[in-house]
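Okay, structure first, notes after.
Residue numbers start from 1 in every chain, and the chains themselves are labelled A, B, ... in the order their sequence lines are given, proteins ahead of strands. Predicted, not measured: the structure shown is a model, and the values here were computed from it. Side-chain atoms are counted along with the backbone in the values below, which use heavy atoms only and exclude waters and symmetry mates.
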Amino acid sequence: MLTAEDKKLIQQTWGKLGGAEEEIGAEALWRMFHSYPPTKTYFPHFDLSPGSEQIRSHGRKVVAALGNAIKNLDNLSQALSELSNLHAYNLRVDPPRFSLQFLSQCLQVALATRLGKDYSPEVHSAVDKFMSAVASVLAEKYR
Amino acid sequence: MVHWTAEEKQLITGVWGRVNVEECGAEALARLLIVYPWTQRFFDNFGNLSSPTAIIGNPKVRAHGKKVLTSFGEAVKNLDNLKGTYSKLSELHCEKLHVDPENFRLLGDILVVVLAAHFGKDFTPACQATWQKLVGLVAHALARKYH
C-alpha cells in the first residue's frame, strides 16, 4: 500500500503545516458537516454552530490521532488499535461512510486550500492512500 | 427537480468564471489517473502513463481533460436540467465506453480538490458544499441512462 516515497511525502506535508494542524482538524470537520449533512447524525450531542468549541476540540483530537498515525506509518494497526476498538464497539459509525471518504475529502480540501501548488498530484495520492489505510484499520474490528 | 438557491448559483458561476478550463481539466484528469491508477484502464491508447510526470506531460491527457471539463461547463450553464444535458453522454459512457459510474464520483472529488488548491481560502466551506453538490449531481446524471 504505502510506499517509502508516500510515507516521506506524508511526513513532509504534515511537517509543512507549522502548527496549523489543530485549525485544520476543526476546519475539516466543519467542511464535512456542511458538504455531507448526514455525517452530523453522529454528533447529536454537539453544538454544531460556527466556531463551536466542541468542533474545535474534536478537530484537535482527530488531528492528534492522525499525527500519531503519521509517526507510526510502519505500524498503523497497532498505533490505531484503541481507536479501532472505539469505532467498532462504541461509536459504530457506518463503515461505508466511515470509509472516511467524506472526512478524507474534506481534510484534503483543507490541506489543498493552504498548500496550493504544494498539494501536488504526488502528495494528493499519498494522502489519499494514507486516509484509506487509516479507514481500513479503524474498520478492522467491525465484524 | 433539483433546487439551487441564489447563493449556490452565485458560488458556482463565480468560481467557474475564474477557472481556466484547459489547465484545470488537464490537472483534474491527470490527478484521476495518478491518485486512482486503475482508471488508466480506460485510456490504453493514450501512450505513456508510466509515472506522474509522464501523465502530467502527456498531450492526450491534457486534451482529453480539456474536453471533459468543457463538458462540465454545460452543467454550469444548465443547472436546472442536468438530466437532459447529460442524457446522450450517459448513454455513451454506458454503451460505448463501459465506464463504471463510480469513476464519475472520483473525478468529481478530484475536481473539488483541484479547485481548492487553486482558490485557496476563497474556496470556503460553503463554496465546497455547493461544488460537492454539483459534482454529485453531474455524476448522478451521467449514471442515469445506464442499463
Side-chain angles (χ1 to χ4, degrees), chain A residues 1-3 5-6 9-10 13 16 20 23-40 48-52 55 59 96 99-132, chain B residues 5 7-8 11 15 23-24 26-40 49-58 61-62 65 102 105-137 139:
Chain A
M1 271 256 278
L2 289 171
T3 63
E5 183 61 22
D6 288 330
L9 284 174
I10 291 161
T13 301
K16 278 197 187 135
E23 222 179 272
I24 287 175
E27 185 185 322
L29 285 175
W30 178 253
R31 284 181 181 271
M32 187 183 75
F33 293 141
H34 227 75
S35 286
Y36 308 105
T39 55
K40 293 192 284 189
L48 295 179
S49 58
S52 150
I55 295 184
S99 61
L100 280 196
Q101 63 185 95
F102 300 139
L103 183 60
S104 174
Q105 173 71 356
C106 293
L107 178 69
Q108 294 198 53
V109 166
L111 289 172
T113 57
R114 278 175 177 69
L115 298 173
K117 281 194 159 59
D118 282 356
Y119 202 69
S120 68
E122 290 89 335
V123 169
H124 184 165
S125 176
V127 172
D128 198 271
K129 284 167 80 174
F130 166 66
M131 290 303 284
S132 189
Chain B
T5 64
E7 194 203 349
E8 284 172 333
L11 287 170
V15 165
E23 282 306 318
C24 192
E27 174 92 29
L29 187 63
R31 283 181 187 248
L32 180 75
L33 299 171
I34 292 166
V35 179
Y36 306 114
W38 54 89
T39 58
Q40 293 170 25
L49 297 178
S50 59
S51 69
T53 312
I55 291 171
I56 292 164
N58 185 313
V61 171
R62 292 192 68 85
E102 175 64 11
R105 189 188 65 74
L106 294 180
L107 183 59
D109 276 357
I110 294 239
L111 177 61
V112 168
V113 173
V114 168
L115 292 175
H118 188 75
F119 289 104
K121 280 193 157 61
D122 285 354
F123 200 66
T124 61
C127 204
Q128 180 189 355
T130 302
W131 276 83
Q132 295 286 176
K133 177 177 170 180
L134 177 59
V135 301
L137 288 169

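- No part of B/K133 comes within reach of chain A, as not one of its non-hydrogen atoms sits under 4.5 angstrom from that chain.
- With sequence neighbours excluded, the residues forming a side-chain hydrogen bond (donor to acceptor under 3.5 Å, both in side chains) with A/T3 are A/D6, listed by chain and number.
- Taking 4.5 Å as the limit, every side-chain heavy atom of B/V35 sits out of range of all side-chain heavy atoms of A/K129.
- The shortest heavy-atom contact between B/V113 and A/A112 is O-CB, 3.9 Å.
- The shortest distance between side-chain heavy atoms of B/Q132 and A/H34 does not fall below 4.5 Å.
- Between B/V112 and A/Q108 there is no side-chain heavy-atom pair separated by less than 4.5 Å.
- With a 4.5 Å cut-off on non-hydrogen atoms, B/F123 touches chain A through its backbone and its side chain both.
- No part of B/I55 comes within reach of chain A, as not one of its non-hydrogen atoms sits under 4.5 angstrom from that chain.
- For B/A126, the parts lying under 4.5 angstrom from a heavy atom of chain A are both the backbone and the side chain.
- Chain B is approached within less than 4.5 Å, heavy atom to heavy atom, by A/W30, A/R31 from residues 24-32 of chain A, ordered by number.
- Proximity of a side-chain donor or acceptor of A/E122 to a complementary backbone N or O of B/P52 within less than 3.5 Å is not detected.
- Looking at B/T124, the atoms closer than 4.5 Å to chain A (heavy atoms on both sides) all sit in the backbone: N, CA, C or O.
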